[in-house]
Protein chains: 2
Amino acid sequence: MRPHQKEDSRLKNVTIVDVAEAAGVTAMTVSRVMKGYKHVSPKTREKVLRVAGEMNYTVNMTARALVTGQTGIIAVITEHLNHPYFANLIHHLELQLASQGYVMRLLYTDEELDSLVHSTKSSAVDGIIVAGLHGRVQEYLRRRTDESQPCVFISPESFSEADYIRIDFRPALTEAIQLMITAGRKRIAYVGIGTLDFPHQMLHWEGRPSTYRDEMEKAGRRVELIGVNPSIEIDSPARIEALKDYFQTNGCPDGLVCFHDEIALHVFRALTDLGYRIPDEVMLVGCDDLPFMKFIEPPLSSIAEPMAEICALAWKFLQMRIAAPDLPLQCATITPQLMVRKSLLA
Amino acid sequence: MRPHQKEDSRLKNVTIVDVAEAAGVTAMTVSRVMKGYKHVSPKTREKVLRVAGEMNYTVNMTARALVTGQTGIIAVITEHLNHPYFANLIHHLELQLASQGYVMRLLYTDEELDSLVHSTKSSAVDGIIVAGLHGRVQEYLRRRTDESQPCVFISPESFSEADYIRIDFRPALTEAIQLMITAGRKRIAYVGIGTLDFPHQMLHWEGRPSTYRDEMEKAGRRVELIGVNPSIEIDSPARIEALKDYFQTNGCPDGLVCFHDEIALHVFRALTDLGYRIPDEVMLVGCDDLPFMKFIEPPLSSIAEPMAEICALAWKFLQMRIAAPDLPLQCATITPQLMVRKSLLA
DNA sequence: TTGTATGCGTTATCAC
DNA sequence: GTGATAACGCATACAA
């Protein structure tokens with residue numbers, strides 16, 4: 001009984017040594033051929049390739065990674081993919097990575113931060129793209145144990161400790177609000193994620209809500225915040241009921257700025273149920289420009305991020321960082337574009 | 001100058017041996033502690049854990065994988081994630097895998113089949129879930145080199161060479177068509193992916209279109225197939241224009257069955273633009289029950305797959321197969337449910 | 001309960 | 001251009 005033969009289950013995989021023996025060369029030579037190394041005679045290269053093909057040999061990436069320290073894996077930290085925005089982001093990232101022969105390891109942000117750090121440590125991945133830790137980024141950076149691990153952030157925030165792509169919604173949001181003001185709208189409210197009781201908490205968000213507040217103050221208007229519950233389920237009847245309650249109790253604003261398109265969709269449904277006409281009685285704008293927005297009747301306005309560009313840039317930054325760890329900090333600001341549709345037209 | 005110290009770039013990672021030395025034990029003991037092995041004295045366990053924590057030690061999964069042959073990685077082969085159906089599928093799979101400590105490696109089906117096979121071979125992953133090779137499954141199975149690698153399919157088709165979850169749309173689709181017939185609709189057409197010139201090619205699809213054809217024949221109705229171009233972009237103005245052309249040229253059917261919800265959305269837009277009233281003049285049903293369907297005015301009917309259930313089952317099958325490679329073939333059929341909304345109500 | 005020897009499949013390094 | 005040797009970091013098998 002030969003030892004180490006694993007006769008119990010399936011056969012051993014064919015290794016580089018097997019190929020070497022069959023081809024009458026050394027493992028090193030096979031290795032060189034598999035990596036496309038130049039200094040091998042055409043004769044041996046051809047033979048090795050032929051034999052490897054016949055034996056159905058595949059390089060064991062695990063073993064290679066152990067010695068080279070490079071895995072060809074990029075970890076992507078994202079929010080739940082049932083949110084179309086993040087699904088689209090991951091989609092474009094995947095296309096970028098695949099074009100360079102990398103594969104993606106998907107990680108959700110609802111794991112413990114320590115667990116996230118752990119999953120990406122110890123040369124298990126060549127780099128990290130963080131696209132969904134808004135609000136917990138500082139905490140995450142603090143817990144990172146391997147500072148040298150390449151890491152790029154995609155975020156509405158900007159910060160000084162890491163490479164990042166910043167998405168700046170301020171110009172587009174300002175433009176939308178100005179459109180409403182120009183159209184003579186008097187009562188412009190913001191619908192964001194928060195609670196109806198303490199809607200002002202949402203202003204702690206560095207990004208969109210504060211832009212709204214600034215614009216309101218600049219125009220001398222009253223700030224009106226409508227908070228809807230955060231919800232893992234995209235489809236939330238409770239949200240719609242809450243919105244209808246709000247509009248029935250407080251009357252309806254004549255301009256509504258929504259944190260993102262799903263909320264805009266819920267608002268649309270609530271308004272439609274109550275018989276309000278868009279845009280005659282209420283103007284409406286969302287954010288992210290999800291595909292369905294333009295199909296609604298009337299077509300709903302939104303703010304479109306150039307996702308392909310964002311992801312290409314993030315991947316470029318990460319590749320640069322991998323190639324040159326000591327590169328100075330890289331950053332870029334992307335400015336999304338307001339898509340004006342009927343819901344914003346006077 | 002000490003050899004192997006890599007002074008050029010960052011310091012070496014702390015290994016199991018470093019921890020062992022610092023804790024005054026052997027590497028083996030540290031290994032046992034890290035794996036939660038029972039037969040270690042509480043004293044040493046505690047000390048090792050403390051030291052490991054202080055030294056910020058993390059198990060190198062690559063090295064572990066090399067010797068155990070298990071990576072904790074599951075490959076998932078899917079269509080592009082900008083399609084909400086697949087994004088939702090991946091979402092639920094991710095939740096399942098993460099709950100068991102596995103991570104997901106994302107692979108897109110538009111790579112070469114050989115490339116897919118290659119990426120999952122050689123013990124690089126513990127198992128595979130295939131969720132988007134419809135129509136190329138046979139070819140994929142033929143090219144698999146490592147038959148023993150656990151692999152589960154999620155598919156509208158059923159087959160005998162591998163474990164699978166089959167999604168059977170026939171009952172729900174039949175129900176929708178019967179609703180239209182009962183409502184007195186005379187001209188019921190199917191809108192699928194194909195070409196306007198050769199729409200009958202879509203009947204080659206084993207699933208939904210053939211169900212439609214069967215029901216039409218059973219009812220003695222004429223089969224009317226409307227083909228829209230396949231499109232990587234979800235948002236396709238060309239499709240809408242083509243649909244409007246079709247309806248203007250041929251008149252509009254009074255019942256429309258759509259291959260999936262995006263097509264239903266495009267049809268909705270085309271009908272709305274042309275002034276047709278839903279459901280009075282045209283009844284409409286889609287497939288996949290994407291979240292926006294119920295928000296459209298009027299709310300659009302669809303067919304809802306129980307995605308959480310599907311993914312839980314697929315993951316269960318895969319785990320079973322991993323644990324017992326010689327298990328008999330596993331299969332299950334899931335029956336989605338028709339969501340009747342205003343677009344189907346007489 | 002703990003330690004010793006050995007191998008997992010590959011590549012880096014230095015010879016030849 | 002090719003080969004020999006020694007790691008990479010960890011776990012299995014067995015001994016103590």
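Sequence lines set the chain letters: A, B, ... in the order given, protein chains first and strands last, and positions in each chain run from 1. As a basis for the values below, the full set of heavy atoms in this structure was taken, side chains included, without hydrogen atoms, waters or symmetry mates.
Taking atom OH of residue A:Y37 and atom P of nucleotide C:dT13, one finds them 11 Å apart after rounding to whole Å. Distance CD (B:Q70) to P (C:dG9): 14 Å, rounded to an integer number of Å. Atom CG of B:L66 and atom P of C:dT10 are 9 Å apart (whole Å). Computed from coordinates, the B:E21 CD to D:dG9 P distance equals 13 Å when rounded to whole Å. Note: NZ (B:K47) to C1' (C:dT2) measures 15 Å, nearest angstrom. In this entry the distance linking CG of A:N60 with C1' of C:dC8 reads 9 Å, nearest Å.
Side-chain nitrogen and oxygen atoms of A:T15 include none within less than 4.0 Å of the OP1 or OP2 phosphate oxygen of C:dG9. Side-chain nitrogen and oxygen atoms of B:T62 include none within less than 4.0 Å of the OP1 or OP2 phosphate oxygen of D:dC10.
At its two ends the helix from C:dT1-D:dA16 to C:dC16-D:dG1 runs along axes set 30° apart, each axis drawn from five pairs and the angle rounded to 10°.
Along DNA chain C, the nucleotide nearest to A:A27 and the one nearest to B:G24 differ in position, and the one closer to the 5' end is contacted by B:G24.
Backbone-only engagement by A:S41 is indicated by non-hydrogen atom pairs under 4.0 Å involving sugar-phosphate atoms exclusively.
Side-chain contact check for A:I77 versus A:I128: some heavy-atom pair is nearer than 4.5 Å. Using a 4.5 Å heavy-atom cutoff, the side chains of B:L106 and A:V103 are not in contact. When side chains are defined from C-beta on, B:F153 counts as touching B:L141, because their heavy atoms get closer than 4.5 Å.
In summary, the aromatic rings of A:F86 and A:H80 are positioned with their centroids too far apart to meet the 6.0 Å limit. In this structure, the ring of A:Y164 has its center no less than 6.0 angstrom from the ring center of A:F317.
Around atom CE of B:M28, more than 12 heavy atoms belonging to other residues, nucleotides or ligands sit under 6.0 Å away. The 12-atom threshold is not exceeded at CD of B:E46, counting heavy atoms of other residues, nucleotides or ligands nearer than 6.0 Å.
For A:D163, the salt bridge (charged side-chain N to carboxylate O under 4.0 Å, His left out) partners at least two apart in sequence or on another chain are A:R321.
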Polar atom pairs (N or O), protein with nucleotides 11-15 of chain D, under 3.5 Å:
from   : atom 1 : to    : atom 2 : distance (Å)
D:dA11 : OP1    : B:R64 : NE     : 2.4
D:dA11 : OP1    : B:R64 : NH2    : 2.9
D:dA11 : OP2    : B:S31 : OG     : 2.5

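Atoms CD and NE2, from A:E112 and A:H118 in turn, are 13.0 Å apart once rounded to the nearest 0.5 Å.
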